[in-house]
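Keep in mind it's a predicted model, so treat the numbers as computed, not measured. Below, chain A is the first sequence line, B the second, and so on; all start at residue 1. Atom set for the values below is all heavy atoms of this structure, side chains included, hydrogens, waters and symmetry mates excluded.
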Protein chains: 2
Amino acid sequence: MHVRDRRVKRTQNLLAQALLALIAEKGYDAITIRDITERADIGYATFFRHYRDKDELLRDAADVVINELLEILFGQQSGKEPAAVGQLIFRYVADHSEVVRVLLGSRGPASLVQHVIQRGSENVLRQNKPRPGSPVPAEIAAHHLVASSIALIQWWIEHDMPYSPEHMGEIYRQLIVQPTLTSAFIIDPA
Amino acid sequence: MHVRDRRVKRTQNLLAQALLALIAEKGYDAITIRDITERADIGYATFFRHYRDKDELLRDAADVVINELLEILFGQQSGKEPAAVGQLIFRYVADHSEVVRVLLGSRGPASLVQHVIQRGSENVLRQNKPRPGSPVPAEIAAHHLVASSIALIQWWIEHDMPYSPEHMGEIYRQLIVQPTLTSAFIIDPA
DNA sequence: ATACTATGATATACTATGTATCATAAAGGG
DNA sequence: CCCTTTATGATACATAGTATATCATAGTAT
């Protein structure tokens, strides 16, 4: 999937940036497509040449963030200790809190969160071996791991990040990672 | 808050029933207010005399279900063993899967799920004593407990309930209840 | 019985979506 | 560099849905 025409790339970038800026200003629901095209300085009809509706544009913009975070978590250093993973997550969120707040904010559509959970679960399943004989199916454990992580991030952001990323990493490990791994997966000793 | 006029109660009931039926048929987003009023056989303008928009009606309808479930969980038998609590939840969901599917379905607005988490967290905090010195704050643990439970219910419903309520109760206990209680709360020995 | 209030029906203004069309400008391949 | 292709801008327009106002009527409470 390589976009050949520079004009297309330019237009899509402008639309995504405009959307994120507008969400931060007035919330997702209040935004009209005309708002987006005016902010991006793009013809109104041009929007529909790229996306069917607002949601499609939002998902496209979100994929950039998702891939970035997945790269951090599952990149070269996949065998890292689980304790550090939590700190990585919450440090990333703190560094990009504006965008994350926008994407996971309570105003966004539920379908986006579902999409993020889906993407995350696939990666968890790919990176861990299920423990044979466990009453907890790997598919459920993966879903739980990702959904709980997002819920924890949402709580942290909505409460204006009252604890440090290190502290959140410890909470994350104790409440989510440790129980899930010991319940359903073979713990990687690396 | 007692509704005196029978006409009001009648109208609101008809609107709520119509909305739930329509969500099951075509999904929340596709529903117009005219759809609702026509199905309920109520004048179009009358809708706005009770609710500002669709979301307000949905939240009102959801509160009925929330209160019912909270009554089951925190009613007379609050001191029950945690293992049984999971079965109670998933049995209730199975018995009311149509409505729960509608309310927690991926098409519904995110704000509704947030609302449910809020209501549930308050109850968890009210029913449990925080463990002193734990790195996991009680507020976070309560949020985690409820948010994870909803995520697990969503997974179960969206996958057409492939495991029995008993099995789900065990998963629930192992993945969510046990870790959360031991991490952040004083375990009730009753 | 009477005063009150909710409803139905209707009209209307307004906003937003989505499509069609055509001239123009920019891009890419040779 | 030329030529073909394609994306964009501008505009007009059809459609759908929201939200409010008004008034006669019917149901409700006390």
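- Between A/Asp29 atom CG and C/dT17 atom P the separation is 12 Å, expressed in whole Å.
- For the pair A/Glu56 CD and C/dT17 P, the interatomic distance rounds to 15 Å; values are reported in whole Å.
- The interatomic distance linking A/Phe48 (CZ) with C/dG18 (C1') rounds to 5 Å, in whole Å.
- Straight-line distance from the OH atom of A/Tyr51 to the P atom of D/dA7: 14 Å, rounded to whole Å.
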> Could you walk me through whether B/Leu104 and B/Ile157 pass the side chain to side chain contact (heavy atoms under 4.5 Å, CB included) check?
Replying inline: CA-CA 9 Å; B/Leu104 296 187; B/Ile157 292 231; over 6 Å; no

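- We find that CG of A/Asp55 is positioned 14 Å from C1' of C/dT17, with the value rounded to whole Å.
- Under 3.5 Å, the side chains of B/Gln114 and B/Gln118 contain no donor-acceptor pair of N or O atoms.
- For the helix from C/dA1-D/dT30 to C/dG30-D/dC1, the angle separating the two terminal helix axes comes to 50°, with each axis derived from five pairs and the value rounded to 10°.
- The distance from atom CD1 of B/Ile31 to atom P of D/dA16 is 18 Å, rounded to the nearest whole Å.
- Salt bridge present: A/Arg173 and A/Glu170 bring a charged side-chain N and a carboxylate O closer than 4.0 Å.
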What's touching nucleotides 28-30 of chain C from the protein side, N or O pairs under 3.5 Å?
residue: C/dG28; atom: OP1; partner: A/Arg4; partner atom: O; Å: 2.8
residue: C/dG28; atom: OP2; partner: A/Arg6; partner atom: NE; Å: 2.9
residue: C/dG28; atom: OP2; partner: A/Arg6; partner atom: NH2; Å: 2.5

Detail all sub-3.5 Å separations between protein N/O atoms and N/O atoms belonging to nucleotides 8-14 of chain D.
residue: D/dT8; atom: OP1; partner: A/Arg7; partner atom: O; Å: 3.0
residue: D/dT8; atom: OP1; partner: A/Thr11; partner atom: OG1; Å: 2.2
residue: D/dT8; atom: OP2; partner: A/His50; partner atom: NE2; Å: 2.7
residue: D/dG9; atom: OP2; partner: A/Gly43; partner atom: N; Å: 2.8
residue: D/dG9; atom: OP2; partner: A/Thr46; partner atom: OG1; Å: 3.1
residue: D/dG9; atom: N7; partner: A/Arg49; partner atom: NH1; Å: 3.4
residue: D/dG9; atom: O6; partner: A/Arg49; partner atom: NH2; Å: 2.8

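- Here the closest heavy-atom approach between residue A/Tyr163 and residue B/Pro137 is recorded as OH-CG, 3.3 Å.
- Atom pair B/Leu57:CG and D/dA19:P shows a separation of 13 Å (rounding to whole Å applied).
- Between A/Tyr92 and A/His96, the ring planes are parallel. Angles under 30° get that label, and only those over 60° would be called perpendicular.
- Put simply, the side chain of A/His50 never gets that close to the backbone of A/Leu57: no donor and acceptor are under 3.5 Å apart.
- Ionic pairing of A/Arg101 and A/Glu158 is not present here: no N-O contact between side-chain nitrogen and carboxylate oxygen is shorter than 4.0 angstrom.
- Taking 4.5 Å as the limit, some side-chain heavy atom of B/Asp55 sits within range of a side-chain heavy atom of B/Tyr28.
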> When you look at B/Arg49 and B/Thr46, which way does the side chain to side chain donor-acceptor pair (under 3.5 Å) test go after all the steps?
Replying inline: CA-CA 5 Å; B/Arg49 293 179 176 123; B/Thr46 302; 3.3 Å; yes

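- A donor-acceptor pair under 3.5 Å is absent between the side-chain atoms of A/Ser148 and the main chain of A/Leu145, judged by distance alone.
- Between the P atom of C/dA9 and the CD atom of B/Glu38 lies a distance of 11 Å, rounded to the nearest Å.
- By the 30° and 60° cut-offs, the orientation of the rings of A/Trp155 relative to A/His159 is parallel.
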